[in-house]
Amino acid sequence: GVSHPVSSFIGSLNGVSRSAFTTFSIPFVFANMANDALTAGLTRGILPHQTVTALLGTLRGLKNDPTMQAFRLTGGFQQRFYGRSPKEFAREIGLSGGKVVGDNFSFRRALLDAIPRAGEAGEQAPRLALFRRQLDNTLPGWRAMSPEAVAATPQARKAGAEAVELTINF
């Protein structure tokens, strides 16, 4: 049926407040990180040190982490990737033949996005750990390949799809 305009308005306010209380909430970010790490451990056997290693890797940033680049190119970071081809995404993040060709760092943006970025990093860390483990098990020599070459393999696409399903997006 058709919803009442007042109900729609109240529902939209609820969505905004829910986003504010999750996306920009430091306690929620840490609770969600712990929940995702626990889920990864219980459902796929991802050990805490694997999640922490992946989380620390995100601190290096996308341009310095070929595993994260390959993961994103497979669609592993689905909310950032959705609707774009791997070639378009590679161009956006500055990749060409496995080398970074641009630096889009903005101090102002980093400052404004610190809490949501920490939340995203914590949410993606168990996924990245699973992606890495799956490649170690199914694609020998993948660490010597370019991110684009890794992402183009069926093994990486399967690992990326499995990693996306590991936890629920917020």
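Just the heavy atoms: all of them, side chains too, but no hydrogens, waters or symmetry mates, feed the values below. All values derive from a computational prediction rather than experimental measurement.
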| field | Minimum heavy-atom distance Arg157-Thr74, with the two atoms named | value | N-CG2, 4.2 Å
| task | Can you see which heavy atom on Ala125 is nearest to which on Ala54, and at what distance? | result | O-CB, 3.2 Å
| query | Do you know which two heavy atoms are closest between Thr39 and Thr43, and how far apart they sit? | reply | O-OG1, 2.7 Å
| Are Leu139 and Leu128 connected in a single hydrophobic cluster, I mean Ile/Leu/Val/Met/Phe/Trp/Tyr linked by side-chain heavy atoms less than 4.5 Å apart? | yes
| task | Identify, with sequence neighbours excluded, every residue that meets side chain to side chain donor-acceptor pair (under 3.5 Å) alongside Gln50. | result | none
| task | Would you mind listing the cluster partners of Leu166? Hydrophobic ones only (ILVMFWY), side-chain contacts under 4.5 Å, chaining allowed. | result | Ile46, Leu130
| Which pairs with one or both residues in residues 135-145 pass salt bridge (charged side-chain N to carboxylate O under 4.0 Å, His left out), sequence neighbours excluded? | Asp136-Arg143
| request: Return the minimal non-hydrogen interatomic distance between Leu73 and Ala151, and the atom names on each side. | output: CB-CB, 3.5 Å
| said: Under the side-chain contact (heavy atoms from CB on, under 4.5 Å) test against Arg127, which residue among Thr51, Thr167, Asp36 passes? | reply: Thr167
| field | side chain to side chain contact (heavy atoms under 4.5 Å, CB included) involving Ala31 - partner list, sequence neighbours excluded | value | none
| query | Gly57 and Met68: which non-hydrogen atoms are nearest, and at how many Å? | reply | O-CE, 4.1 Å
| said: So, using salt bridge (charged side-chain N to carboxylate O under 4.0 Å, His left out) as the criterion, who are the partners of Arg133 when residues are at least two apart? | reply: none
| message | Determine whether Met145 and Thr153 satisfy the following criterion, side chain to side chain contact (heavy atoms under 4.5 Å, CB included), listing intermediate values before the conclusion. | response | CA-CA 11 Å; Met145 299 165 63; Thr153 65; 4.0 Å; yes
| query | If you round to the nearest 0.5 Å, how far is CD of Glu165 from CZ of Arg44? | reply | 10.5 Å
| query | What pairs of residues pass the ring-ring contact (aromatic ring centres under 6.0 Å, His included) test when at least one of them lies in residues 125-158, not counting sequence neighbours? | reply | Phe71-Phe131
| task | Drop me the distance from Asn32's CG to Glu120's CD, to the nearest 0.5 angstrom. | result | 12.0 Å
